[in-house]
Protein chains: 2
Amino acid sequence: MRPNKRDELVSKALKVFYRDGFHATGMDKLVAETGVSKTSMYKHFRTKEDLIVAALRLRDENFREWFYRRIEEMAETPAGQLIASFDALKEWFEEDGFRGCMFIKAGAEYQETDHPIHVQAAEHKQLLLEHFTSVAEQAGARDPQKLASQIVLLQEGAIVSAVLLKNCDPAEDARDAAQQLLALALT
Amino acid sequence: MRPNKRDELVSKALKVFYRDGFHATGMDKLVAETGVSKTSMYKHFRTKEDLIVAALRLRDENFREWFYRRIEEMAETPAGQLIASFDALKEWFEEDGFRGCMFIKAGAEYQETDHPIHVQAAEHKQLLLEHFTSVAEQAGARDPQKLASQIVLLQEGAIVSAVLLKNCDPAEDARDAAQQLLALALT
DNA sequence: GCAAAAGTTAACAGATCGGTACACCTTATT
DNA sequence: AATAAGGTGTACCGATCTGTTAACTTTTGC
């Protein structure tokens, strides 16, 4: 079992899960789309659940890497980066094939809080919160934890609204709100 | 087909769908939990999809009724009601069996934007946005649409975070943020 | 060049999926 | 009492679900 083969499978499965959902995607479809045989698939992953968890881990890596990097490209100061996060989100929303946040969807389909898939989704959100808490600290916020929490709330809200509300611009409204909260947190 | 029987079926199905998810809930399980025969179930609802849409409609009715009423009980002025919405949310989060927003979950499981279930979920969010826009108008906000949009963003974010982030108080952080945004929108 | 590892196809479990066919039983109205 | 509508249980349909088995081929390392 070449490890890179495994990575390739995870990467392709990730795309299908993101596009079609978890319960709605059967192993047969994954086998067909990856071109690998079912036997090989089950040699790499003991169960479908294992495959989903692996896909979520890859998604967490990819997404956070992209998000943090894009934010740093857009703004130099920590305060500017808190705001730039919403411009990065807006870029994401406008991508072809944008289908919302994979972790919100994972948490929605696997609701038991101790389910491995739910845990994986929760960890992703926790990591994002910690990251923005440290950025808020560097920005010199009076209460960095609270400011970061509020920034993240706006981010989550923007993602959900980008999926369910058409004809409006959640990223921009969220950005403006963050701008105001930030100004108040720095005085 | 007594119409009240149909309502009873929708009401029970709603509970199961909310608790266990849509794809994860089979018609067999619903038949078992409602005590009705499969034949009768399919006399009332042509397909599972029809049943889900009916359940979502009932949920929309129930939730908005509860939410608006509770907010009015908590605050008299429109400005106060915008803030009280987060206290109402907090009550909801602390209820036994809280499992997040049914419409976010529906939108997550049925992603095609023209799918009847997705449409139903989007309508719910649209109605909420319109309601809070009118409350923001009554409160005398400078830009009621923008303020309402931001309040709703914070609400959605709080719901998602209440599901995925433990050991933190999203409703309170969202409330504080709304408080600040409101103050700025009224000056 | 040879053996182990990793890959393949293909058929097959047993369960569950959404949905239907059919014969029987209640109940209210006439 | 007769009828018809609404409700019942049960068995069934073909498709799909996750996961397995077995025999065969390719790639790889030594």
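All values below were derived from every heavy atom in this structure, side-chain atoms included, with hydrogens, water molecules and symmetry-related copies excluded.
For an aromatic pair to be called close, the ring centres must be under 6.0 Å apart, and B:Y110 with B:H23 satisfies this.
Remark: A:E33 does not engage A:K29 in a salt bridge, criterion side-chain N to carboxylate O under 4.0 Å. The existence of a salt bridge linking A:E65 and A:R69 is excluded, since no basic side-chain nitrogen approaches an acidic carboxylate oxygen closer than 4.0 Å.
Rounded to whole Å, atom C1' of C:dG7 lies 13 Å from atom CD of A:E8. Rounded to a whole Å, the CZ atom of B:F22 is 20 Å from the C1' atom of C:dT16. Whole-Å rounding puts the A:H23 NE2 to D:dC17 C1' distance at 11 Å. In this structure, NZ of A:K48 is placed 8 Å from C1' of D:dT18, rounded to the nearest angstrom. One interatomic measurement links the two molecules: CE of B:M41 to P of C:dA21, which rounds to 19 Å at whole-angstrom precision. To the nearest angstrom, C1' of C:dG19 lies 13 Å from CG of B:D50. Protein atom CG of A:D28 is 6 Å distant from nucleotide atom P of D:dC17, rounded to whole Å. Nucleotide D:dT25 holds its C1' atom 12 Å from the NZ atom of A:K43, rounded to whole Å.
Scanning atom types as modelled, one donor and one acceptor separated by under 3.5 angstrom connect the side chain of A:K38 and the base of D:dG19.
When distances run from any side-chain atom of B:S37 to the nucleotides D:dG9, D:dT21, D:dT20, the shortest one goes to D:dG9. If you check C:dT20, C:dT8, D:dT18 against the side chain of A:S40, the one that comes closest is C:dT8. The listed nucleotides are D:dT18, C:dG19, C:dT8; the one nearest the side chain of A:V36 is C:dT8.
Under the 30°/60° scheme for interplanar angles, the aromatic rings of B:F132 and B:F67 are found to stand perpendicular. Ring geometry for B:Y68 against B:H131 counts as parallel: the plane angle stays under 30°, on a 0 to 90° scale with 60° as the upper cut.
Contact annotation for A:T39: base contact, defined as any heavy-atom pair under 4.0 Å involving a base atom.
Within the structure, a side-chain polar atom (N or O) of A:H44 is placed less than 4.0 Å from OP1 or OP2 of C:dG7.
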